[in-house]
Amino acid sequence: MPSPTSGNANLFAALRAAFPSELNTCAVEIDSGLRYSWQDLDQATAMVANLLEFLDVPKGARIAVQVDKSVEALVLYLATLRAGLVYLPLNTAYQSAEMAYFLEDAKPSVVVCSGRNFGWISKMAFLAGTGHVFTLNDDRTGSLLDRASQFPTHHTIANRDADDLAAIIYTSGTTGRSKGAMLSHGNLLSNARVLQTYWDWKPGDVLIHALPIFHVHGLFVAIHGALINGSKMVWCAKFDPQVVLQHFPRATVFMGVPTLYVRLLAEAGLTPQVTKNMRLFVSGSAPMLVDTHRQWQARTGHTILERYGMSETVMLTSNPGRLADGERRVGSVGKPLPGVLLRVCDEAGNELPQGETGGIEVRGPNVFQGYWQMPEKTAQEFTADGFFKTGDVGRLDAQGYVTIVGRSKDLIISGGYNVYPAEIEGSINNLPGVLESAVVGVPDADFGEVGVAVIVPKPGATIDPTQVIVALKAMMANFKVPKRCVFVAELPRNAMGKVQKNLLRDSCRAGGTTG
Ligand code: MCA
Ligand code: AMP
């Protein structure tokens with residue numbers, strides 16, 4: 001798609017233009033009651049952007065960030081955009097082996113980590129060729145802010161084209177190797193603008209931000225949604241259902257993965273009265289059970305708006321925010337967003353008629369620029385006519401509503417986080433006494449789905465399941481570690497020798513494979 005030749009397509013320029021004219025009003029309020037004004041956001045992002053520019057890193061340089069959630073971390077994200085550099089957020093749960101991979105692969109020019117991890121992360125970063133490592137803690141301390149405080153509070157927003165990169169989001173792969181999805185300013189801005197209209201954001205809306213800010217949902221959908229609307233955010237460092245309930249009466253919009261709704265439903269304080277001021281509840285990142293939707297309707301009188309997206313595409317489909325665009329259908333992820341072309345195809349790539357189930361393929365201004373330094377992998381994931389193959393399986397109905405019925409990719413979504421079995425199996429197979437393994441997802445009331453490791457011990461070996469879990473926790477982010485291990489004499493395979501995960505899933509679900 002051609003880039004606009006006039007104007008600055010930098011996403012930050014559009015977000016900044018949406019700040020209210022009264023800059024002294026509150027932009028973000030945190031749990032302690034501390035308030036940041038729009039002026040604070042403007043000046044703080046200018047100072048950090050000036051620092052980043054002073055470092056004189058090349059255009060396209062990556063700023064890798066693994067820090068706890070704070071408004072200063074939000075400032076760092078916005079400042080990276082403002083300086084025209086590329087933001088690379090990393091989940092705080094990632095352990096050293098995962099971090100080493102990301103830093104080696106992305107070769108960031110700047111790394112920002114929390115002070116408690118500086119020792120090991122700085123060593124790793126310098127080995128990967130990073131020139132600058134700063135610290136940023138969630139109590140407004142650290143070398144990043146110390147250095148930035150010496151820079152001016154005004155800054156000219158860097159000029160960027162719509163196709164220039166704004167962020168790289170790592171997403172795991174079916175092969176076990178993480179891929180960096182490259183998103184441009186144009187990808188992110190087009191999606192933010194479409195959602196502002198489709199979800200019917202209104203002047204005076206207030207968002208409760210309770211998601212982590214290292215993935216698409218919390219970082220892009222929630223933050224861009226509020227900022228492009230000039231809306232205040234009530235900022236929660238961590239999700240705590242009781243704190244969120246206290247915020248409902250003075251907010252209007254809430255976004256969560258299904259686990260957040262399940263945990264809110266467990267609170268006796270969730271009533272129509274407490275949600276009376278709320279206008280919009282959004283859910284996504286994982287399928288929401290029809291039962292959760294129904295319970296939410298019964299307890300609050302609100303119908304949750306479910307939407308569907310990916311790291312590679314930001315948001316793809318959504319139930320409508322306003323009645324004029326149609327009803328909100330429980331069990332459907334809604335319609336393709338304006339500008340998104342979506343089709344359902346068979347394995348040979350032929351488009352299927354309405355109502356038939358197949359692979360979901362998409363095209364649009366929101367679809368990413370490819371995987372970081374993986375041109376062959378990128379080419380494999382696109383069709384000849386430019387559609388991205390999502391790996392999700394679904395169908396379209398006569399009114400254009402999409403229902404997701406499964407995934408062709410071997411993926412477990414646990415509490416909104418993606419877990420790719422191949423990565424976990426690789427680590428389990430290297431443990432002493434293990435011949436081979438398969439990781440499958442089983443339903444879970446809290447996380448929606450959790451991983452179970454099915455392990456074949458070597459002949460004569462005895463494996464302690466607790467030791468397996470302890471060993472895995474040292475190697476990978478906690479949410480990826482299977483919740484349970486079961487042992488079998490052999491894995492079921494089909495005639496092609498492929499492990500039949502559906503059989504394992506069924507027997508684990510039925511409790512038939514003992515642990
Ligand atoms: C924590 N644990 C988990 C998860 N989170 N296990 C599996 N899946 C998880 N998601 C582990 C902890 O490590 C701990 O293990 C134990 O479970 C209990 O932790 P708990 O204190 O309950 O966890 P928490 O801190 O309350 O976190 C739960 C959470 C969190 C709030 C649901 O997982 C979360 O914020 N999820 C949101 C993820 C998200 O933002 N996804 C958006 C991706 P142990 O006791 O053994 O130490 S963006 C995306 O998918 C696309 C593009 C989209 O469409 O949005
Ligand atoms: P990620 O790799 O984190 O970008 O996760 C993207 C995947 O999350 C999609 O390919 C879907 O499988 C899944 N997903 C996101 N939203 C929904 C939803 N509302 N319902 C079902 N699956 C979803």
Side-chain angles (χ1 to χ4, degrees), residues 68-69 89 91-93 95 169-174 178-179 181 183 191 195 209-222 225 236-241 244 255-264 266 282-290 292-293 304-319 330-334 359-360 362 366 368 381 388-394 402-420 424 441 444 446-451 466 469-470 472-474 476-484:
D68 292 321
K69 185 176 174 183
N91 194 319
T92 47
Q95 304 282 324
I169 304 290
Y170 272 89
T171 136
S172 293
T174 39
S178 279
K179 303 162 290 181
L183 291 153
N191 212 238
L195 292 178
H209 193 303
L211 285 163
I213 56 168
F214 30 67
H215 293 299
V216 162
H217 201 161
L219 185 65
F220 300 149
V221 186
C236 306
K238 263 188 79 77
F239 170 71
D240 176 336
V244 169
M255 297 184 191
V257 300
T259 300
L260 270 53
Y261 288 97
V262 169
R263 292 187 181 184
L264 281 162
V282 177
S283 176
S285 309
M288 177 169 265
L289 294 178
V290 168
T292 310
H293 272 285
I304 293 170
L305 176 157
E306 188 169 357
R307 85 329 175 254
Y308 153 63
M310 294 183 73
S311 298
E312 290 91 336
T313 63
V314 214
M315 296 302 99
L316 287 166
T317 73
S318 176
N319 275 283
V330 169
S332 158
V333 291
I360 296 176
V362 294
N366 51 315
F368 73 138
E381 302 298 321
F388 174 63
K389 298 184 257 184
T390 64
D392 292 308
V393 175
V402 177
T403 302
I404 296 179
V405 298
R407 305 168 199 130
S408 59
K409 52 196 174 191
D410 191 11
L411 163 69
I412 300 166
I413 306 184
S414 184
Y417 286 138
N418 289 6
V419 180
Y420 278 89
I424 324 301
D444 180 79
D446 184 32
F447 291 126
E449 213 177 0
V450 293
T466 313
I469 303 287
V470 169
L472 293 179
K473 280 189 176 176
M476 60 183 70
N478 236 334
F479 64 85
K480 294 182 189 171
V481 177
K483 301 289 182 211
R484 201 155 58 91

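Quick caveat, the model's predicted, so the values are computed rather than measured. Order of appearance sets the numbers: ligands from 1, and atoms from 1 within every ligand.
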How does S283 reach ligand 2, by side chain, by backbone, by both or by neither, if only non-hydrogen atoms under 4.0 Å count? neither

Selection from F479, F214, Y417 by shortest heavy-atom distance to atom 34 (C) of ligand 1: Y417

Among all protein heavy atoms, pick out the one at the shortest distance from atom 35 (O) of ligand 1; state its residue, atom name and that distance to 0.1 Å. P212 CD, 3.5 Å

Result block: side-chain N/O donor-acceptor pairs under 3.5 angstrom for residues 209-221, not counting sequence neighbours:
{"residue": "H209", "atom": "ND1", "partner": "K69", "partner atom": "NZ", "Å": "2.8"}
{"residue": "H209", "atom": "NE2", "partner": "G218", "partner atom": "O", "Å": "2.8"}
{"residue": "H215", "atom": "NE2", "partner": "N91", "partner atom": "ND2", "Å": "3.3"}
{"residue": "H217", "atom": "ND1", "partner": "S285", "partner atom": "OG", "Å": "2.8"}
{"residue": "H217", "atom": "ND1", "partner": "R307", "partner atom": "NH2", "Å": "3.3"}
{"residue": "H217", "atom": "NE2", "partner": "R307", "partner atom": "NH2", "Å": "3.4"}

Counting heavy atoms under 4.0 Å, the part of T259 that contacts ligand 1 is side chain

To the nearest 0.1 Å, how far is atom 16 (N) of ligand 2 from its closest protein heavy atom, and which atom is that? S285 N, 3.1 Å

For residues D446 and V262, report the shortest heavy-atom separation together with the two atoms involved. CA-CG1, 4.4 Å

Heavy-atom nearest neighbour in the protein, as seen from atom 29 (C) of ligand 1, with distance rounded to 0.1 Å: R263 NH1, 4.4 Å

For the residue pair S311 and A181, what are the closest heavy atoms and their distance? O-CB, 4.2 Å

For L211, take its heavy atoms, then give the atoms of ligand 1 lying under 4.0 Å from any of them. 40 (O)

Residue, atom and distance of the protein heavy atom nearest atom 7 (C) of ligand 2 read G309 O, 3.9 Å

Does any part of the side chain of I404, heavy atoms only, come nearer than 4.5 Å to the side chain of I360, both counted from C-beta? yes

Tell me: protein heavy atom nearest atom 45 (O) of ligand 1, and distance? K473 NZ, 4.5 Å

Taking 4.0 angstrom as the limit and counting only heavy atoms of G309, give me the atoms of ligand 1 inside it, by number and element. 54 (O)

If you round to the nearest 0.5 Å, how far is CE of M476 from CD of Q95? 9.5 Å

N/O to N/O below 3.5 Å, does that happen between E312 and ligand 2? no

Is the closest side-chain heavy-atom distance between P482 and L472 below 4.5 Å? yes

Taking N or O atoms only and a 3.5 Å limit, does Y308 qualify as a polar contact for ligand 1? no

List every atom of ligand 1 that sits less than 4.0 Å from any heavy atom of M310, numbering the atoms from 1 in the order shown and giving each element. 52 (C)

So, 4.0 Å and heavy atoms of K238: is ligand 1 close enough to count as a contact? yes

Considering all heavy atoms of both residues, which atom of S408 and which atom of V393 are nearest to each other, and what is their separation? N-CG2, 3.6 Å

Report yes if the side chains of I412 and V450 come closer than 4.5 Å at any heavy-atom pair, otherwise no. no

Which atoms from ligand 1 have a heavy atom of S311 less than 4.0 Å away? 52 (C)

Nearest non-hydrogen contact with atom 13 (C) of ligand 2 belongs to which option: V393, V405, I413? I413

Work out whether the distance between some heavy atom of G218 and some atom of ligand 1 is less than 4.0 Å. no

For atom 47 (O) of ligand 1, the closest protein heavy atom turns out to be N478 ND2, 3.2 Å

Considering the heavy atoms of E306, write down every atom of ligand 2 situated less than 4.0 Å from one of them. 18 (C), 19 (N), 20 (N)

Nearest protein heavy-atom contact for atom 21 (C) of ligand 2: which residue, which atom, what distance? P287 N, 3.4 Å

Quick test: of every protein heavy atom, which one is nearest to atom 17 (C) of ligand 2, and how far off is it to 0.1 Å? A286 N, 3.7 Å

Answer whether the closest heavy-atom distance between the side chains of M310 and T171 falls below 4.5 Å. no

Quick one, S414 and D444 - any side-chain contact, counting heavy atoms below 4.5 Å? no

Is atom 42 (C) of ligand 1 near the protein, in the sense that some protein heavy atom lies at less than 4.0 Å from it? yes

From CG (L260) to OG (S283), nearest 0.5 Å: 9.0 Å

Considering all heavy atoms of both residues, which atom of G309 and which atom of M315 are nearest to each other, and what is their separation? CA-CE, 3.8 Å

Going by the order shown, which atoms of ligand 2 are within less than 4.0 Å of some heavy atom of N418? 1 (P), 2 (O), 3 (O), 5 (O), 6 (C)

Tell me the nearest of G451, G415, G416, S414 to atom 37 (C) of ligand 1, using heavy-atom distances. G415

With heavy atoms and a 4.0 Å threshold, my read on which part of K409 contacts ligand 2 is side chain

Does ligand 1 have an atom that lies less than 4.0 angstrom from a heavy atom of V450? no

With rounding to the nearest 0.5 Å, note down the distance linking OG in S318 to CG in L195. 7.0 Å

Which of the numbered atoms in ligand 2 are under 4.0 angstrom from any heavy atom belonging to V333? 18 (C), 19 (N), 20 (N)

In the protein, what heavy atom is nearest to atom 12 (O) of ligand 2, and what distance, to one decimal place, separates them? D392 OD1, 2.6 Å

For atom 53 (C) of ligand 1, which protein heavy atom lies nearest, and how many Å away is it? S285 OG, 3.3 Å

Closest non-hydrogen protein atom to atom 54 (O) of ligand 1, residue and atom name please, with distance? R307 NH1, 2.8 Å

Can you see which heavy atom on G415 is nearest to which on V257, and at what distance? O-CG2, 3.6 Å

How many angstroms lie between atom NE2 of H293 and atom OH of Y261, to the nearest 0.5 angstrom? 9.5 Å

Protein heavy atom at shortest distance from atom 48 (S) of ligand 1: H217 N, 3.5 Å

Taking the six-membered ring for Trp, are F479 and F447 ring centroids under 6.0 Å apart? no

As an exercise, state the distance from CG of L264 to OG1 of T292, rounded to the nearest 0.5 Å. 11.5 Å

Less than 4.0 angstrom from a charged side-chain N to a carboxylate O is my criterion; do K409 and E312 meet it? no

Within this structure, what is the OG1-OH distance for the pair T313 and Y308, rounded to the nearest 0.5 Å? 6.5 Å

Report yes if some N/O of K483 lies less than 3.5 Å from some N/O of ligand 1; otherwise report no. yes

To check your reading of the model: name the closest protein heavy atom to atom 3 (C) of ligand 1, its residue, and the distance in Å. F447 CZ, 3.5 Å

Counting only non-hydrogen atoms of the protein, does one fall under 4.0 Å from atom 21 (O) of ligand 1? no

When every non-hydrogen atom of A286 is compared with those of P258, the smallest separation belongs to O-CG, 3.4 Å

Which residue supplies the protein heavy atom nearest to atom 19 (N) of ligand 2, what is that atom called, and how far is it? R307 O, 2.7 Å

Numbering the atoms of ligand 2 from 1, which are under 4.0 Å from a heavy atom of S311? 1 (P), 2 (O), 3 (O), 4 (O)

